[in-house]
Amino acid sequence: GWGFNVIRYVVTWEALEHAGPRQYDYEFMDYTVAVLRKIKEYGFRVYMDPHQDVWSRFSGGSGAPYWTLPACGLNPRNFSASMSSIIHSEYPLPTSPEPETLPAMIWSTNYNRLISQTVWTMFFAGRMYAPKCIIDGINIQDWLQQHFVAAFGLLADRIKEAGDLYDECVFAWDSLNEPGEGFLGLANLNETPKHQALKKGPTPTPIQSLRLGTGVPQTVENYDFGAMGPSRNGSVTIDPAGRSVWSNPSTEEDGVHKKWGWKRDSNWELGTCIGNAAIRASLRSQLGILKDDPIEILGPYPTLIGEIGVPMEMDNKRAYGWTDGGKYKGDYGQQVKALDASLNGADGTNALSYTTWTYCPDNNHQWGDGWNLEDLSLWSADDLRGARAPRMGSSRNYLPTPASSKAQLLGGPSSRSRTSSTSSGPDGTLRHPAPTYVSGTPPRLNTPAALTSAPNESVESVGSALTLSNEYRLRARTGNGVRFGDTPVPNKDGGVSMNCDPSAVSFPEFESRSSSPVYTPPANPFAFLTDGARAVSAFARPYPQATVGRPKTIDFDIGKAEFTYTVLVNGGDVPDRKTDEAYVPRSTEIYLPLVHYASKAWWEDLDGVPEVSGRQSDSSAGTAPKGAGVGEDFPPRSRSDTSGSEPDNVQASNNFLSSSLTLGRASASGYQARPHPLSRSLSHYEPTIPAEAYSIVVDVSCGTWHLDSQKQVLHWTYPVPESLDRDVEYTIKIKRLGGAIPRVVKGTIGQDYSSGGKEKKVEEGSSSTIWDACCGSESSGCTIM
């Protein structure tokens, strides 16, 4: 009566294979055949629709069976807690659902949330992005596709075998309905994709979705959606309370699922974010392309990457303590992960050099690097620990020093302005007083401290940069209060200045009431190297500063504090045979940061300094490779006179030789408070780093090594063969005894643990949800029809 003559017949994968992998519902298939025959009786033609929306009803839509989610390493019980999927029956909270309050069409935002993005990435590109995700002997991409095709193939066969439906009624099959693209094609995980037109409710970026999925709270943008499209409506904080969407390893014994029976490959580690290794591999591959391009065009010239860095203010300045009641102040764990992934890309066979962006000595939490609100500085005075931090008030706006950076560097007359207390000594050198601070509350600035000079004062005498050697002294000045833009600031008489001319900026009259240093460097070298540093464990990483031979591979596992370096050497690498004027090292020099390899006595108590013997070096010897000759091509092994004895009975082998020496056996009870040794300008301060400060195990395939602890450099010497045509391969592995330092790996070196900086652990099963009622434990699986 209405003129329709075609029906789109909807069938979901779950309807065909809901009971488990390869457990098909033939009764449903026969029912479908019966319905199609009834449709035929009424003269309709049909095309079959393999239907889905955002993957599965267990991820907020329809389509795939439940078991596909745990097969992908996911735990559906925790999807709602992290808003990795918005699920009608659990909205807004699984512990107190009010499904009638679900906003219209918000379900479709699930396409841009973690679960849909993850599963569709696996379905379409698992072999590329999740190569280690092997289940039942094949990649997850092939496993999912094979099950999907097999299920609908059986239905198609059932319809064909009916004998009276094909062509007469069923004339076509639709493609899969509205599949998602997952993470494919996303150029920047820190930004909401521009093609994501529907923004409604809490809208995390892809990288925020990944963090939420691991149970980490995130403050995300919130949107309303009206007649004119999406409009921003502030921000909301999502706190999964530690609940992760990734499956618990206990659900599978030896990789075999207790209910569904699949066998997961041992390299697929449950409980972790799938795809992290693939992302890191992708970054390394992309940097490799950048390295190869100029070689193909210009020739074999070295490549240096000019800028690599990460924004330190990510997650709404969470690491600054600006969210969650300050709970995560000093926690740069996310920044460590992001920067380590980028710098790891320069390693491997790339062996790329790079400069990390950036170091701004006048960085602060409010204004960042002082340029367009960028905040990537590796160091900030606002991250100095405890009482050592500059006492500049809550606004953290640092005023410029009277003597400019230029004047200090050149030591010229401009450094001696009428407001500066710098003086000249008998030998003509500049004398700077000890850094001072001003007690009381400094004037509050609502803009960065990039102030112009006041009248009658040389421009060169006004600084705009803050270094450790600067004097943190406020200029004594009378007149108007400091004012920038449209924010009036009280002057000394209690009134406010309304002068809008930035050239007339001047300072209230504050007198210095103390000669105490604003910043007192800690005597403990580990504390000094990490004080104020942000994501230091990512950028202070081991690398070869100079190499005899050519680098083959460089790898640093930050989670294990394990550095591996392999070199290729032939007769052309003998230093004495070089005829050019290029610098040729006589040993391979590896920067070995104390940040990663400090012994426990040095990192556990940042205020203490253990008693030490004063040794500045340690060394050990290995053996030459089988068949190696002696003479000028094999320089004699040099050993430190202060080191322990060389191991006896070292035997050659194809594996790593027993040339290891453990350092850092200082007694943990040997603490003794020491006065700070600073007796010169802070810019020249260098803490003493004895050999005992290190705790390392070194394995070399050949040669000897020597540690210069003060310079944080390990020298590795090995024989160079005579042949110019044959490369010899040597490898060194350096590990920290006892594994990585936990606070270094987590990026929480700057956290105040005494104030409860650790994240709380949420007890499982503390509240009842629909899962508890319907499915019991996670390991038992779930089938709901």
Side-chain angles (χ1 to χ4, degrees), residues 304-314 317 319-320 330 332 334-346 352-385 388-390 392 396-401 403-410 435 448-450 463-472 518-522 525-543 545 556 558 591 593-596 681-687 711-712 744 747 749-750:
L304 184 147
I305 305 298
E307 293 184 13
I308 295 183
V310 298
M312 298 295 173
E313 83 285 9
M314 62 173 61
K317 303 191 177 184
Y320 303 167
Y332 283 94
Q334 302 301 332
Q335 290 84 343
V336 167
K337 293 176 183 177
L339 186 55
D340 175 60
S342 296
L343 300 183
N344 174 75
L352 282 167
S353 297
Y354 54 82
T355 51
T356 308
W357 185 273
T358 182
Y359 173 78
C360 294
D362 51 356
N363 175 282
N364 63 70
H365 286 177
Q366 182 171 358
W367 295 106
D369 301 336
W371 184 81
N372 286 337
L373 291 182
E374 280 203 352
D375 192 356
L376 291 88
S377 180
L378 304 178
W379 185 92
S380 177
D382 278 4
D383 287 286
L384 293 169
R385 282 186 287 266
R388 298 187 180 92
M392 300 300 289
R396 294 293 197 189
N397 286 282
Y398 301 108
L399 302 182
T401 175
S404 70
S405 297
K406 176 181 178 182
Q408 288 194 24
L409 289 171
L410 300 180
S464 60
L466 178 66
T467 64
L468 291 180
S469 60
N470 282 343
E471 306 157 50
Y472 294 22
V518 174
Y519 176 74
T520 303
F526 181 90
F528 174 74
L529 293 170
T530 57
D531 202 11
R534 313 192 296 181
V536 61
S537 48
F539 68 78
R541 56 202 294 121
Y543 70 94
Q545 295 180 330
F556 176 57
I558 193 172
Y591 169 67
L594 183 69
V595 168
H596 282 286
S681 174
L682 294 180
S683 60
H684 300 293
Y685 174 64
E686 181 179 2
K711 294 182 178 179
Q712 302 182 79
V744 170
I749 300 173

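As the structure is a computational prediction, the values presented were derived from the model and not from experiment.
Formation of a donor-acceptor pair under 3.5 Å by the D375 side chain with backbone atoms of M312 is not found in this model. A donor-acceptor pair is defined here as one N or O able to donate and one able to accept, closer than 3.5 Å; no such pair exists between the side chain of T356 and the backbone of G309. Side chain of W379 to backbone of D531: a donor-acceptor contact under 3.5 angstrom is found.
Note that CG of L343 and OH of Y354 are 4.5 Å apart. Values are rounded to the nearest 0.5 Å. A distance of 8.0 Å separates CD1 in I308 from OG1 in T355, rounded to the nearest 0.5 Å. Put simply, OH on Y359 and CG on L378 are 9.5 Å apart, with the number rounded to the nearest 0.5 Å. The CD atom of Q366 sits 9.5 Å away from the CG atom of L373 when rounded to the nearest 0.5 Å. Separating the CH2 atom in W357 from the CG atom in D369 is a distance of 8.0 Å, to the nearest 0.5 Å. With rounding to the nearest 0.5 Å, the separation of CD in Q335 from CD in E313 is 8.5 Å.
Inter-residue side-chain proximity for D362 and W367 is flagged as unmet; no heavy-atom pair is nearer than 4.5 Å. The shortest distance between side-chain heavy atoms of V744 and V595 falls below 4.5 Å. Side-chain contact between T358 and E374: absent, with no pair of heavy atoms (C-beta onward) separated by less than 4.5 Å.
By the 30° and 60° cut-offs, the orientation of the rings of H596 relative to F556 is perpendicular.
Considering all non-hydrogen atoms of both residues, A527 and R385 come closest at O-NH2, 2.6 Å. Across Y332 and A535, no two heavy atoms sit closer than the pair CB-N, 4.0 Å. Nearest heavy-atom pair across I558 and S537 is CD1-O, 3.3 Å. Residues C360 and S377 come closest through the heavy atom pair N-OG, 3.0 Å.
When each of N363, L376, V310, D382 is paired with R534, the side chain to side chain contact (heavy atoms under 4.5 Å, CB included) condition holds for N363 and for no other.
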Please walk me through it: do D340 and R541 pass side chain to side chain contact (heavy atoms under 4.5 Å, CB included)?
-> CA-CA 9 Å; D340 175 60; R541 56 202 294 121; 2.9 Å; yes

